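For reference, the structure discussed in these notes is given below.
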Amino acid sequence: MAPEELLILLKLAAARDADATVRELERELQIPKSSVFESLRRLEALGLLKHDAGGRRIDRLGLRDLLVHGARWVAPAKIGEAELGIPTAHSAPPLVDKLRGDDDPLVIPMAHGPMRGRAVPPLHKNAAYAAQRDPRLYRLLALCDAFRIGRARDREVAAAELDACL
């Protein structure tokens with residue numbers, strides 16, 4: 001599984017509409033149609049997307065398990081130098097009130113971001129821009145980053161927040 005596929009799966013979960021078209025996903029995530037199409041096929045092969053009479057649906061329990069137990073292996077991240085960006089992990093709205101992080105906030109790098117902090121590499125180069133346009137996706141990306149780089153306590157609190165999101 002590629003980090004790009006995780007971003008697509010998070011977008012579908014955020015939209016609560018797993019029947020989004022390839023063209024819609026291309027437009028909202030700025031990922032080429034061919035890549036979106038192949039990613040959807042791989043997600044179906046993995047069982048994270050399923051087809052039934054009502055259309056395509058996400059295996060939400062599988063997504064939860066993937067994020068909680070596998071995000072740091074699917075999309076490993078090392079915290080980098082200070083950059084402008086949007087807050088993520090324990091610095092972002094879903095967790096900022098529940099976790100006390102370092103003095104330096106964590107951010108997903110973005111050229112004209114509202115905050116300066118230590119950079120967390122995004123799942124995809126366009127993840128920050130997609131998150132700006134979709135608050136639910138932003139919340140899921142911040143939680144995903146908590147699983148990718150967080151300590152055990154961070155991951156525990158993020159798992160409880162994830163349950164509320166899904």
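Quantities reported herein were computed from a predicted structural model and do not represent experimental measurements. In what follows, every heavy atom counts, from backbone to side chain, and hydrogens, waters and symmetry copies are set aside.
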Listed pairs under 3.5 Å, donor-acceptor, residues 57-70 side chains, sequence neighbours left out:
| from | atom 1 | to | atom 2 | distance (Å) |
| --- | --- | --- | --- | --- |
| R57 | NE | D52 | OD2 | 3.0 |
| D59 | OD1 | L61 | N | 3.3 |
| D59 | OD1 | G62 | N | 3.0 |
| R64 | NE | D163 | OD1 | 2.5 |

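- Applying the salt bridge (Lys or Arg N to Asp or Glu O under 4.0 Å) definition to pairs two or more places apart or across chains, none involves residues 73-92.
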Report the C-alpha distance between R148 and L123 in whole Å, list the side-chain angles of each, state the deciding distance to 0.1 Å, and finish with yes or no for side chain to side chain contact (heavy atoms under 4.5 Å, CB included).
CA-CA 10 Å; R148 292 171 61 206; L123 291 176; 4.0 Å; yes

Determine all donor-acceptor pairs shorter than 3.5 Å in which one atom belongs to a side chain in residues 28-35; sequence neighbours excluded.
| from | atom 1 | to | atom 2 | distance (Å) |
| --- | --- | --- | --- | --- |
| E28 | OE1 | K11 | NZ | 2.6 |
| Q30 | NE2 | R27 | O | 2.8 |

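- Side-chain contact check for L10 versus C144: some heavy-atom pair is nearer than 4.5 Å.
- By the rule that hydrophobic residues join a cluster once side-chain heavy atoms approach within less than 4.5 Å of another member, L166 and L143 end up as members of one cluster.
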Test side chain to side chain contact (heavy atoms under 4.5 Å, CB included) on D154 and I149; report intermediate values, then the result.
CA-CA 9 Å; D154 298 352; I149 60 165; over 6 Å; no

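- Closest heavy-atom contact between V120 and A77: CG1-CB, 4.2 Å.
- Scanning both residues, Y138 and P93, for their nearest heavy atoms gives OH-CD, 3.6 Å.
- No side-chain heavy atom of H90 sits under 4.5 Å from any side-chain heavy atom of V157.
- Residues satisfying the salt bridge (Lys or Arg N to Asp or Glu O under 4.0 Å) criterion with R139, sequence neighbours excluded, are E161.
- Atom-to-atom distance recorded for H112:NE2 and M110:CE is 8.5 Å, nearest 0.5 angstrom.
- For the atom pair CZ of F147 and CG of L162, the computed distance is 5.0 Å after rounding to the nearest 0.5 Å.
- Using modelled atom types, no side-chain atom of T88 and backbone atom of I108 make a donor-acceptor pair closer than 3.5 Å.
- E4 approaches S39 most closely through the heavy-atom pair OE2-OG, 3.6 Å.
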Which is it for S91 and V107 under the side chain to side chain contact (heavy atoms under 4.5 Å, CB included) test, yes or no, and what are the steps along the way?
CA-CA 8 Å; S91 301; V107 298; over 6 Å; no

Check residues 41-50 and write down every donor-acceptor pair under 3.5 Å in which the side-chain atom is one partner and the other belongs to a residue at least two apart or another chain.
| from | atom 1 | to | atom 2 | distance (Å) |
| --- | --- | --- | --- | --- |
| R42 | NE | E5 | OE2 | 2.0 |
| R42 | NH2 | E5 | OE2 | 2.6 |
| E44 | OE2 | H51 | NE2 | 2.9 |

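- By the neighbour-count criterion of 12 heavy atoms within 6.0 Å, atom CZ of R133 is densely surrounded, having more than that number from other residues, nucleotides or ligands.
- Under the 4.5 Å side-chain heavy-atom criterion for grouping Ile, Leu, Val, Met, Phe, Trp and Tyr, Y129 is not connected to I8 through any hydrophobic cluster.
- The two residues A131 and L137 have their closest heavy-atom pair at N-CD2, 4.2 Å.
- For R136, there are no salt bridge (Lys or Arg N to Asp or Glu O under 4.0 Å) partners at least two apart in sequence or on another chain.
- Taking both residues in full, the closest heavy atoms of C165 and L140 are given as CB-CD2, 4.0 Å, listed atom of the first, atom of the second, then distance.
- Side-chain atoms of D104 never come within 3.5 Å of backbone atoms of R118 as a donor-acceptor pair (strictly under, hydrogens ignored).
- When all heavy atoms of P114 and G85 are compared, the closest pair comes out as CD-O, 3.2 Å.
- No chain of hydrophobic side-chain contacts below 4.5 Å, direct or via other Ile, Leu, Val, Met, Phe, Trp or Tyr residues, connects L7 to I86.
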